[in-house]
Amino acid sequence: MRSHLLNDTTAERYRRTVTEGVERVAAKLATTDRPFTGVGVDALAPVIDRIDLDRPLHDTAAVLDELEEVYLRDAVYFHHPRYLAHLNCPVVIPAVLGEAVLSAVNSSLDTWDQSAGGTLIERKLIDWTNERVGFGPAADGVFTSGGSQSNLQALLLAREEAKPGPDGWEGPADHARLRIFASEVSHFSVKKSAKLLGLGPDAVVSVPVDADKRMQTMALARELERCRGEGLVPMAVVATAGTTDFGSIDPLPEIAELCAQYGTWMHVDAAYGCGLLVSRKRRALLDGIERADSVTVDYHKSFFQPVSSSAVLVRDGATLRHATYHAEYLNPRRMVTERIPNQVDKSLQTTRRFDALKLWMTLRTMGADGVGQLFDEVCDLAEEGWRLLAADPRYDVVVEPRLSTLVYRYVPEAVTDPAQIDRANLYARKALFASGDAVVAGTKVDGRHYLKFTLLNPETTVADIAAVLDLIAGHAEQYLGESVDRVAS
Ligand SMILES: *Cc1c(COP(=O)(O)O)cnc(C)c1O
């Protein structure tokens, strides 16, 4: 069994085994002609059920053959140009190389004595991102598992900073008075974070958006004023820079102004929009982000990085102390005075992957402009796709895209019942998924069911978009035709 351990004596086995796996994946990627096979849970579950985990195969080739059956054959492939559903990007090769290196060396980024150079590389990438944001030298941050964790940590810091001082805080009862302001289309992790942070059920105030799905600052001002008037504490405003559904960007400078006026922590959730930090064409869309107290960036969304790769950034690094705890065995207090850099002092996690290496390899290979160019291409594609949809009488499209999402709905002229149109759109999405020809997402707008493209693949073309719209129309028409038949018979 020791021959399976990766060490000095098994280097050759390591090389052979990993190469075998890479060959399989490479062959798979080269021959995948659809993003999905359309397999259903009922068909796939028994395949996995059948595997007896207590009877190993003892042979890499056999395990890889089995993997084809249980996973590779029916996986959902984000690299395929007709995968248009969620915020998943195709990944860049230098990052995949980074992934292979980081898991083989397996550094843990909690302490210097488990990572050495890894800690310094992560810190340099945090500094680099902070510079792009426009933060000053006091800024800091840490890599996280994803945007949800970044938002949670940012709001933890905001909660601690909202405390009026060592004596003015009476404990958990005061948590019920804290309020977070976020737009009605902000990410649900804001509400989840409020719950995890022990805030009250009314903690998150939903601020209405305008026709472009951007937070209405007049409404925000009104809510902040009301909060203050009622003796409540405005703990944080979460501005979203790239909403998950619409890619809309809240008016950051106006929100920053209001946060300054009310002494409120400003958090910018740029999980999706962070790709603009490296865009030559669209960086100005993020103007005002430099006034935030904290920022969430998901490199695994718009920097073409494999999951997971994310960070929480703060304008004032000292605020990270709210996440600092010392353990004698790991990061004793004396190490702070000895100036030993232990990233666990800044993180919610303890043992932590060296995800930063993927971004490092990417920047060292392609450069920031290379990444930004890819993101610009998908934003350009969204603009073209929007024009296509706007000119297509079969479709109703909402909000001209700022980033790379399109939200639309099939609206046949002959059908006037909106509930029937809802059902046709829901059906079309499901039927498309089951066909495996393309994968699209869905969401609700003003209570009605819409479909969504999240364009993150520069290989997707306008022709792909047009073809998928035809497929959707076909499925929807089939549904409507059959339901007319049902009513008639
Ligand atoms: C995706 C997303 C998140 C959550 O990020 P994860 O990496 O999925 O945890 C948070 N906010 C926004 C705006 C997002 O789009």
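Both counts, for ligands and for their atoms, begin at 1 and track the order of listing. Reckoned from all heavy atoms, side chains included, excluding hydrogens, waters and symmetry mates.
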Identity and separation of the nearest protein heavy atom to atom 2 (C) of ligand 1: Lys301 NZ, 2.2 Å
Which one holds for Leu87 and ligand 1: side chain close, backbone close, both close, or neither close, with close meaning a heavy atom under 4.0 Å? side chain
Tell me which part of Asn151 gets within contact of ligand 1: side chain, backbone, both or neither, using heavy atoms under 4.0 Å. side chain
To check your reading of the model: name the closest protein heavy atom to atom 12 (C) of ligand 1, its residue, and the distance in Å. Asp269 OD2, 3.4 Å
Contact atoms of ligand 1, heavy-atom distance to Asp298 under 4.0 Å: 5 (O), 6 (P), 7 (O)
Just do the side chain to side chain contact (heavy atoms under 4.5 Å, CB included) check on Arg353 and Lys358 with the steps written out, would you? CA-CA 11 Å; Arg353 291 165 53 84; Lys358 295 178 282 192; 3.7 Å; yes
Does any N or O atom in Thr240 lie less than 3.5 angstrom from one in ligand 1, N or O only? no
For Ser148, which part has a heavy atom under 4.0 Å from ligand 1: side chain, backbone, both, or neither? both
The atoms of ligand 1 lying under 4.0 Å from a heavy atom of Gly242, numbered in the order shown, are 13 (C)
Side-chain donor-acceptor pair under 3.5 Å between Asp298 and Tyr272, yes or no? no
Side chain to side chain donor-acceptor pair (under 3.5 Å) for Ser115 and Thr119? Distances and angles first, verdict last. CA-CA 6 Å; Ser115 61; Thr119 285; 2.6 Å; yes
Verify the distance criterion only: is there a donor paired with an acceptor across the side chains of Asp110 and Gln114 at less than 3.5 Å? yes
Is there a donor-acceptor contact under 3.5 Å linking the side chains of Thr129 and Tyr299? yes
Mind checking whether Tyr83 and Tyr77 have ring centres under 6.0 Å apart? no
Return a yes/no value for Gly147: is any of its N or O atoms, backbone included, closer than 3.5 angstrom to an N or O of ligand 1? yes
Determine the sole option in Thr454, Thr405, Thr443 for which the side-chain hydrogen bond (donor to acceptor under 3.5 Å, both in side chains) test with Asp245 is passed. Thr443
Can you list the atoms of ligand 1 that are under 4.0 Å from a heavy atom of Ala271? 2 (C), 3 (C), 10 (C), 11 (N), 12 (C), 14 (C)
Is there at least one pair of N or O atoms, one from Ser189 and one from ligand 1, spaced under 3.5 Å apart? no
State whether a side-chain donor-acceptor pair under 3.5 Å links Ser309 with Asp355. no
Using a strict 4.0 Å cut-off to heavy atoms of His187, name the atoms of ligand 1 that fall inside it. 2 (C), 3 (C), 4 (C), 10 (C), 11 (N), 12 (C), 14 (C)
Run the numbers for me: atoms of ligand 1, each under 4.0 Å from some heavy atom of His300, listed by number. 7 (O)
Looking only at distances, please establish whether an N/O atom of ligand 1 is found under 3.5 Å from an N/O atom of Thr243. no
Closer than 4.0 Å to some heavy atom of Gly146 - which atoms of ligand 1 meet that? 7 (O), 9 (O)
Can you tell which part of Gln149 has a heavy atom less than 4.0 Å from ligand 1: side chain, backbone, both or neither? neither
Ring centres of Tyr408 and Phe453 under 6.0 Å apart? yes
Euclidean distance, Leu197 CG relative to Leu152 CG, rounded to 0.5 Å: 5.5 Å
